[in-house]
Each structure stands twice: as C-alpha cells, then as structure tokens.
There are 2 protein chains.
Amino acid sequence: MTKKTDGKQIPQRVVSRLAMYYRVLSQLEQGGIERVSSRELGEMMGITPSQIRQDLSYFGEFGQQGYGYRVSNLYKEISKILGLEKQHTMVLIGVGNLGRALASYTNFRRRGFELVAAFDVREEVVGKKVADIEIKLMTELRSFLKENPVDIGVITVPASQAQQVADILTQEGVKGIWNFAPIKLSVPENVIVEHVHISDSLFALSFRLREKNS
Amino acid sequence: MTKKTDGKQIPQRVVSRLAMYYRVLSQLEQGGIERVSSRELGEMMGITPSQIRQDLSYFGEFGQQGYGYRVSNLYKEISKILGLEKQHTMVLIGVGNLGRALASYTNFRRRGFELVAAFDVREEVVGKKVADIEIKLMTELRSFLKENPVDIGVITVPASQAQQVADILTQEGVKGIWNFAPIKLSVPENVIVEHVHISDSLFALSFRLREKNS
DNA sequence: TAGATTGTTAATCGATTAACAATC
DNA sequence: TAGATTGTTAATCGATTAACAATC
C-alpha cells in the first residue's frame with residue numbers, strides 16, 4: 001500500500017497516459033463494467049499490459065492478483081492523482097472562435113475547472129457573454145487578477161500577443177498556463193505551461209499521408 | 001546529398017519535432033534572419049544541437065560545416081518533408097464551436113489545406129456558412145464523398161457519433177482523419193488518424209500543478 | 001484447489017547525447 | 001589559415017517489454 005510518489009519525478013509520457021486511462025475508465029464505468037484487467041485495458045488502448053502495470057506502480061497498488069482492477073476504484077484513484085478532485089479557477093484571454101469553443105466546453109466545469117472571467121482586446125465584444133461569463137476588456141486583466149485568485153490562464157490570443165499576456169499572468173501569481181498560441185512562452189521556472197499546438201498534428205498527418213504514398 | 005528516407009520508418013517523436021522546427025524557422029524567416037546553427041536553434045527550442053542534427057539526418061544534408069543552416073533553405077526543405085507544398089482537401093464534420101474555430105483558421109488554407117465542405121446533423125444550421133462554406137446535412141456526407149475527392153476528414157462531433165462518421169469517411173476513400181472526439185477510432189490500417197485530445201493536456205497541467213505543491 | 005493476474009525486477013529496445021573527423 | 005559547425009558513429013540514458021514469484 002505504500003505510495004511511491006515519494007520524490008521521484010514522474011515522466012511526461014506517464015502523465016499523458018494517465019489522462020488516457022482516465023478517459024477509457026470513464027467510458028467503462030459509464031458502460032457499467034465492474035472489473036478490468038491490464039490485459040483488457042491494454043487491448044482497448046493499443047498498449048502492453050506491462051506498461052499499464054508499470055505506469056500505475058508509480059502511484060501505488062490498485063489491483064488484486066487474479067482479479068484485475070475494480071473500474072470504479074481505479075477511475076477514482078486516477079482522478080485523484082490527476083488532481084481532478086480539486087477545484088481550479090481559470091481565466092480565458094482571447095475570445096475568438098477557439099476561446100469561445102473552450103469556454104463552452106461544459107466537460108471542464110464538470111471536472112472542476114471553473115471559468116471565472118474572459119478577456120479580449122476588441123471593444124465590440126466587451127460586455128457580451130461566453131458561457132455565461134461577461135467578457136471584459138484586456139486592460140482589466142491585471143486588476144482582476146490582483147483581486148481574484150486564479151489558478152490557470154488559458155491563452156487563445158494571436159502568437160504576437162501571447163508572451164505579453166503570459167507576463168501579466170505570471171506577474172500576478174497565476175501558476176499554470178494552458179497555451180494555444182503557436183509560440184514558446186518564457187515564464188518563471190515555478191510556472192507550468194502546457195502547450196497545445198493544434199496545427200502541429202495536422203502537419204504530422206500531412207507527413208504520414210505523404211510517407212505512405214512513397 | 002543522398003536522401004536517407006529510404007525505407008526506414010521515421011519515429012513519431014521526430015515527426016512532431018519537425019513541426020516544431022517548421023514553426024520556429026518560419027518565425028526566423030519572418031524576422032529576416034539568414035543563417036542559424038543547430039546550437040542556436042536548440043537554445044531557442046530547449047533541445048540539444050545533437051538532436052536537431054540527428055533528426056535532420058533522417059532526411060538529408062541541409063547544412064554547411066562552419067556555417068550552419070540557411071534559414072530560408074531549411075524552412076523550405078522541412079516544408080517539403082512535411083508535405084506542405086502539396087494541396088490537401090478537407091471536409092469538416094460537426095460544426096459546433098470547435099469546428100467553427102478550425103474552419104475559420106486561415107493559416108491552414110495558406111499551408112495548402114482547403115476546406116471543401118462542412119456537415120452537421122442539426123437542420124437549423126444547414127444552409128448557413130462557416131468560412132465561406134455552406135453547411136450541409138450530415139446525410140449528404142456519403143454522396144458528397146462519392147463525387148468529390150477528399151484527402152482529410154476533420155471530426156469534431158461528440159464522441160458518441162465519431163466512430164460512425166469515421167466509418168463513412170474510410171468507406172468512401174478518405175485516407176487521413178484529424179480527430180478531435182475524445183475516443184479511439186477503429187479504422188482500416190491504411191488510414192492514418194491523428195488524435196487531438198485537448199482535455200488531456202488540461203489534465204496533465206492539473207497533475208503538474210498538484211505535483212509541484214506536494 | 002487451479003487459474004488468473006498483479007506488482008516488480010531484470011532484459012531489451014530505442015532514443016538522446018557526446019564525441020570527433022571532415023570541411024567550409 | 002584558424003575557428004566554427006556539420007553529419008555520423010559510438011556511448012549513454014531512459015523507457016518499454018518480458019518474466020516470474022506472490023497471491024487472490
């Protein structure tokens with residue numbers, strides 16, 4: 001039962017697989033499945049049972065010999081590991097099409113990510129709403145952050161403005177940035193940035209299509 | 001000058017770094033920079049010069065001893081490698097917020113990805129437009145594909161409908177799928193799928209925020 | 001009990017980094 | 001020329017897979 005989280009730094013690859021496990025387990029639970037083995041999980045996800053057991057062993061012992069894993073239990077444990085049982089507050093900067101899509105994605109709220117404000121530079125959208133949040137003018141970002149505790153900043157502005165926004169966020173104490181601008185941000189080392197480079201994966205698709213036909 | 005593409009399968013990691021190189025080089029070129037060394041590139045991207053040279057060596061020799069790389073040249077070569085000099089046609093299935101965001105992202109068109117049609121199940125959006133494309137009813141998808149050559153299908157429907165859409169796409173000869181539904185698609189082995197699991201990266205951010213504070 | 005499956009240690013595989021001769 | 005930097009081979013590192021004792 002000893003947790004193995006002690007000190008050891010968890011590889012990035014393991015963390016992203018945790019998110020996959022979480023997703024699959026959520027489907028299994030919704031499907032009313034009660035137990036699952038690493039072999040079955042592996043088949044569903046296209047990875048080896050060994051890898052699953054190895055990954056989980058970073059965090060503890062969640063299974064039972066001869067039986068496998070209780071779906072509802074493993075789901076809850078992984079949810080805890082990912083920090084999805086905590087509440088997170090988010091601000092959105094840049095209410096374009098993508099920002100709007102993210103704001104409206106109700107699953108985030110369900111998982112404990114609460115959007116508390118949205119900002120844009122364009123005066124004409126100010127006062128309108130996304131996902132029941134009133135859009136504020138970008139110039140109010142700093143003062144808002146001073147008065148409201150915010151965990152995560154979601155950046156969906158053009159690349160040219162992203163660094164500037166990141167600077168305000170980090171100066172005002174935001175500790176996590178979810179960045180959709182196609183640019184590498186410089187931030188203090190205690191701030192965590194997750195980049196989502198959507199177009200990179202389209203380019204990879206293009207490459208693999210080409211590779212196949214040659 | 002011998003290309004090394006011969007047979008050897010390129011690791012997925014290398015492909016996704018190619019997309020990064022492409023992005024950085026595009027910035028350098030726009031900034032009017034003429035030459036760059038692997039050391040400089042590495043510093044900008046936070047990876048080792050060795051890795052850059054190793055990656056590039058999969059595809060040929062693009063540099064010059066004592067000088068480095070000519071930015072415009074390397075940019076063009078990587079663009080070729082990624083297949084971005086070819087024209088690709090795309091259809092979009094699911095015109096929700098995310099679909100709308102992708103359709104409006106003009107950079108794709110600039111890179112040779114042309115959206116030729118968009119589909120949705122909701123009758124009320126049919127006939128309206130996204131990015132100058134008239135939205136069609138989902139039931140017309142199959143017949144459209146029979147009459148028009150399409151390279152890539154972009155899936156932005158809910159998870160529950162994604163497999164069904166993927167089946168139609170692959171049956172009608174689409175060879176690449178860009179999937180935003182949070183589910184693993186089963187497709188024939190000659191079809192290439194790129195998944196973008198946006199929420200996975202938010203979960204990873206949540207994990208790393210938690211990890212830091214413990 | 002016999003069969004199944006875990007958690008973990010050891011072996012293998014692949015990817016990253018270091019080193020260096022070649023040469024601009 | 002001397003200094004810089006490539007492309008590539010070899011060394012190292014880390015991640016994945018296999019194997020197996022423990023045990024439900």
Side-chain angles (χ1 to χ4, degrees), chain A residues 1-21 25 28 33-75 77-78 81 204, chain B residues 1-21 25 28 33-75 77-78 81 204:
Chain A
M1 277 306 162
T2 341
K3 289 286 163 62
K4 294 180 65 194
T5 328
D6 340 276
K8 255 179 241 164
Q9 163 74 14
I10 311 296
Q12 181 54 43
R13 318 298 280 306
V14 174
V15 178
S16 62
R17 278 195 298 269
L18 280 181
M20 287 176 57
Y21 299 147
L25 286 164
L28 288 177
I33 312 293
E34 212 175 69
R35 66 164 286 281
V36 72
S37 68
S38 57
R39 186 181 48 73
E40 292 166 325
L41 261 184
E43 252 164 48
M44 280 181 263
M45 304 176 56
I47 63 182
T48 63
S50 269
Q51 182 158 66
I52 293 173
R53 297 203 300 274
Q54 187 74 277
D55 283 352
L56 294 178
S57 78
Y58 277 99
F59 304 100
E61 307 183 345
F62 308 111
Q64 207 167 57
Q65 283 106 325
Y67 177 84
Y69 304 87
R70 197 163 288 280
V71 170
S72 62
N73 176 250
L74 188 56
Y75 178 59
E77 290 291 347
I78 290 183
I81 293 167
Chain B
M1 279 302 164
T2 341
K3 291 284 162 61
K4 296 180 63 197
T5 329
D6 341 276
K8 254 180 245 164
Q9 163 73 15
I10 311 296
Q12 181 54 44
R13 319 297 280 307
V14 174
V15 178
S16 62
R17 277 195 299 268
L18 281 181
M20 287 175 56
Y21 299 147
L25 285 164
L28 288 177
I33 312 293
E34 212 174 69
R35 66 164 285 282
V36 72
S37 67
S38 57
R39 186 182 48 73
E40 292 166 327
L41 260 184
E43 251 164 49
M44 279 181 262
M45 304 175 57
I47 61 184
T48 63
S50 270
Q51 181 158 69
I52 293 173
R53 298 203 300 276
Q54 187 75 278
D55 283 352
L56 294 178
S57 78
Y58 277 100
F59 304 101
E61 306 183 347
F62 308 111
Q64 207 168 55
Q65 283 106 325
Y67 177 83
Y69 303 87
R70 197 162 289 278
V71 170
S72 62
N73 176 251
L74 188 56
Y75 178 59
E77 291 290 346
I78 290 183
I81 293 167

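Chain naming here is simple, since letters A, B, ... match the order of the sequence lines and numbering starts at 1 in each. Please read all numbers here as calculations on a predicted model, not as lab measurements.
- C:dT6 atom P lies 9 Å from atom CD1 of A:I52, rounded to whole Å.
- One finds a side-chain N or O of B:R17 lying less than 4.0 angstrom from the OP1 or OP2 phosphate oxygen of C:dT16.
- For A:Y75, the ring pair (Phe, Tyr, Trp, His ring centres under 6.0 Å) partners at least two apart in sequence or on another chain are A:Y22.
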Reading nucleotides 18-24 of chain D 5' to 3', which nucleotides get B (base under 4.0 Å from a protein heavy atom), which S (sugar-phosphate only), which -?
BB--BBB
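- A distance of 6.0 Å separates OH in B:Y21 from CG in B:L56, rounded to the nearest 0.5 Å.
- Rounded to whole angstrom, the span from the CZ atom of B:F62 across to the P atom of D:dT8 amounts to 11 Å.
- Across C:dT16, C:dA15, D:dG7, the shortest atom-to-atom separation from the side chain of B:E61 is found for D:dG7.
- Taking the side-chain contact (heavy atoms from CB on, under 4.5 Å) definition, one finds that A:R13 meets it with A:R17, B:R13, sequence neighbours left out.
- A:S37 OG to A:Q64 CD: the interatomic distance, rounded to the nearest 0.5 Å, is 13.5 Å.
- At a threshold of 4.5 Å between non-hydrogen side-chain atoms, the residues A:F62 and A:I78 do not count as touching.
- Judged as a salt bridge (Lys or Arg N to Asp or Glu O under 4.0 Å), and not counting sequence neighbours, the contacts of B:R39 are B:E43.
- The residue B:P49 sits apart from the nucleic acid: no heavy atom pair falls under 4.0 Å.
- Distances were taken from every side-chain heavy atom of B:S37 (C-beta onward) to each of C:dA15, D:dT6, C:dT5; the shortest belongs to D:dT6.
- Spacing between atom CD1 of B:I10 and atom P of C:dT16 amounts to 13 Å, rounded to whole angstrom units.
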Which dot-bracket notation, 5' to 3', represents the base pairing of DNA chain D when pairs are defined as Watson-Crick or G-U with both distances under 3.5 Å, crossing pairs as [ ], and inter-strand pairs as |?
..||||||||||||||||||||||
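- For the pair B:Y58 and B:I81, the minimum side-chain heavy-atom distance is 4.5 Å or more.
- Following rounding to the nearest Å, B:D55 (CG) and C:dT17 (C1') show an atom-to-atom distance of 12 Å.
- Between A:R35 and the phosphate of C:dT5, there is a side-chain N or O to OP1/OP2 separation shorter than 4.0 Å.
- For D:dG7, the OP1/OP2 oxygens have a side-chain nitrogen or oxygen of B:Y69 closer than 4.0 Å.
- Side-chain nitrogen and oxygen atoms of A:R13 include at least one within less than 4.0 Å of the OP1 or OP2 phosphate oxygen of D:dT16.
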Show every donor-acceptor pair shorter than 3.5 Å between a side-chain atom in residues 44-53 of chain B and any protein atom, with sequence neighbours excluded, or say none if there are none.
from, atom 1, to, atom 2, distance (Å)
B:T48, OG1, B:Q51, N, 3.2
B:R53, NH1, B:S38, OG, 3.0

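- In this structure, CG of A:N73 is placed 13 Å from P of C:dT6, rounded to the nearest angstrom.
- Counting to the nearest Å, the C1' atom of D:dG3 and the CZ atom of B:R39 are 12 Å from each other.
- No side-chain donor-acceptor contact under 3.5 Å links B:R35 to the backbone of B:G68.
- Whole-Å rounding puts the A:Y58 OH to C:dT9 C1' distance at 14 Å.
- Atom-to-atom, CD of A:E40 to P of C:dT5 comes out at 7 Å; the value is rounded to the nearest Å.
- Shown here is A:E34, whose CD atom has no more than 12 heavy atoms of other residues, nucleotides or ligands within 6.0 Å.
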